[in-house]
2 protein chains.
Amino acid sequence: MDVVELLTQFNLTRQEATIYIALHTEGDSTGYEVAKLTGISRSNAYTSLASLVDKGAAYVMEGSANRYTAVALEEFCTNNIRRMQELKQKLISVMPQARAQPTGYITVKGENHILDKMQTMIVEADERVYLSLSKKILEHLLPALRDGLLRGIKVVIITDIALDLPGATIYRADKEANQIRLIADSTDVLTGDISDGAESTCLYSRSKNLIDLFKDALRNEITLIELRKGGNKL
Amino acid sequence: MDVVELLTQFNLTRQEATIYIALHTEGDSTGYEVAKLTGISRSNAYTSLASLVDKGAAYVMEGSANRYTAVALEEFCTNNIRRMQELKQKLISVMPQARAQPTGYITVKGENHILDKMQTMIVEADERVYLSLSKKILEHLLPALRDGLLRGIKVVIITDIALDLPGATIYRADKEANQIRLIADSTDVLTGDISDGAESTCLYSRSKNLIDLFKDALRNEITLIELRKGGNKL
DNA sequence: CTAAAGTGTTCCTGTTTAGGAATACTATAC
DNA sequence: GTATAGTATTCCTAAACAGGAACACTTTAG
């Protein structure tokens, strides 16, 4: 994803993004200058500049000829994210009551959603999380795990390398690079792998039967590690 | 903004939003049930369900007949916001170098952008902020001010009601309801009002001359408050 | 067993909206 | 005259939105 495309994720059209970048790199400019800098038709340049102002990405410096200046990138992104937070709060307050969560077997599809689900499980854990996965996947989860440890969550990890995560219990074992096993609070489990990127699937469940199976499997895996290495606990 | 419209801000189409709400309130359903619940044509229901799964708003529960279940609302919003945070970091790392900030006079237009600018000024202050505004506007800024106080920022506020903000210096004076005066770190100022909603404008500047003018005006306002009330400092 | 209901998919049509390209006009300054 | 500045308008294309028909298969009920 290039810069223009990243900016489109912040609700700018391609032309608006192009113009934003020009304002950012070249400094404050008139509509006429912007059109020349970017090669966009003048009429569309003026339309886009007005839109950038509406969307909080640019300000006007009023004069005989108006000049436009980019809102600082970090400020613009932060403002967008703050807006999303506010919309989230609004949504939560007006959304009708939810039906009870299903207790069946849920397919989580796509690497991004699987990582999201893992983060959510860690963030929402009250007591403990057990993970068995490779360093590669674990790296995505370190901030959430660190935060969890700060909250007093018990964190137990089986992974394939030495890991510096104070407060966590780490076991070392060879791991399939993309395999995932995660259990949180004895209430929910996630298992599968992310070898197929967007086509990857994992199973998520709150089913007690599956949770028990998992706890046993993880417990046994830990016992075997300890027996084989005389306790390779770090 | 109703629920459907709020959900469109999280990248769902109107039909997807309608279906998400149905899944949320009625619980897990097949495509056929969803079409009946929502009155959306069956073929569009299936298309939208597939899209909801792609967008992380729903999961599949696979079986002879697939059932779909809504991702919890808070989880879905949080995942979206996390994604925006990640995109922000990516953008910051690939964006070309910015030209220097302008030192002229910038028009900030629209209530939302004005509030954004105030929040940014407070968040980015290193030493102190002075504010003269009504309680109505101040309420929007309290979290940022509290955080600033925690960071050791000096906060001085002239406002129209008693205010419980430990660590801040509060002066009481009648204030025009929508008038804004804010100065941060002796480096930037914002003044204007938000009486016209989306059409409101404020002036933002880093011009030393205007900053000096402001400091004098605020200082004098404080002196007059103290003389008139024998120091109505709270 | 048959018929109906449920499930899933493909294909089609029509309308509306948004993004973008281009032209033309007015106004000001030199 | 040219260059700059701003606005209005038209046209085109793709996507979104909406609805529906048709087909095939599975499950359920009588």
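Not measured: the values here are computed from a predicted model. Naming: A, B, ... by sequence-line order, numbering from 1 per chain.
Partners of Leu213(A) by side-chain contact (heavy atoms from CB on, under 4.5 Å), not counting sequence neighbours, listed by chain and number: Leu210(A). Every salt bridge (charged side-chain N to carboxylate O under 4.0 Å, His left out) that Arg206(A) has, sequence neighbours left out, goes to Asp188(A). Tyr59(A) meets the ring-ring contact (aromatic ring centres under 6.0 Å, His included) test with no other residue; sequence neighbours excluded. Partners of Lys88(B) by salt bridge (charged side-chain N to carboxylate O under 4.0 Å, His left out), not counting sequence neighbours: none found. Taking Asp185(B) as the reference, nothing meets the salt bridge (charged side-chain N to carboxylate O under 4.0 Å, His left out) condition, with sequence neighbours excluded.
At a threshold of 4.5 Å between non-hydrogen side-chain atoms, the residues Ile137(A) and Met118(A) count as touching. Residues Leu133(B) and Leu182(B) form no side-chain contact, since every pair of their non-hydrogen atoms from C-beta on lies 4.5 Å or further apart.
The outermost nucleotides of DNA chain C lying under 4.0 Å from heavy atoms of chain A, listed 5' to 3', are dG19(C) to dT23(C).
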Every protein N/O within reach of nucleotides 11-18 of chain D N/O, cut-off under 3.5 Å:
from	atom 1	to	atom 2	distance (Å)
dA18(D)	OP2	Gln15(B)	NE2	3.4

What pairs of nitrogen or oxygen atoms, one from the protein and one from nucleotides 21-24 of chain D, lie under 3.5 Å apart?
none

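Within residues 45-58 of chain A, no residue approaches DNA chain C, by heavy-atom distance under 4.0 Å.
Listed by first then second residue, pairs satisfying ring-ring contact (aromatic ring centres under 6.0 Å, His included) with a partner in residues 74-102 of chain A read Tyr20(A)-Phe76(A), not counting sequence neighbours. The stretch residues 134-146 of chain B participates, sequence neighbours left out, in these side chain to side chain donor-acceptor pair (under 3.5 Å) pairs: Lys135(B)-Glu139(B), Lys136(B)-Asn178(B).
Counting non-hydrogen atoms of neighbouring residues, nucleotides and ligands closer than 6.0 angstrom, the CG atom of Asp174(B) reaches no more than 12 such neighbours. The number of heavy-atom neighbours closer than 6.0 Å to CD of Glu74(B), taken from other residues, nucleotides and ligands shown, is 12 or below.
Cation-pi check for Lys117(A) over Tyr204(A) is met; the charged atom lies under 6.0 angstrom from the ring centroid and within 45 degrees of its normal.
In terms of position on DNA chain D, the residue among Glu33(A) and Ile40(B) whose nearest nucleotide sits closer to the 5' end is Glu33(A).
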Distance-only donor-acceptor pairs under 3.5 Å for side chains of residues 32-39 of chain A, two or more places apart:
from	atom 1	to	atom 2	distance (Å)
Glu33(A)	OE1	Thr30(A)	N	3.0
Glu33(A)	OE1	Arg67(A)	NH2	3.3
Thr38(A)	OG1	Val34(A)	O	2.7
Thr38(A)	OG1	Ile40(A)	N	3.3

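One atom, CG of Asn66(B), and another, C1' of dT27(D), lie 15 Å apart when rounded to the nearest Å. Distance Met61(A) CE to dA5(D) P: 14 Å, rounded to the nearest Å.
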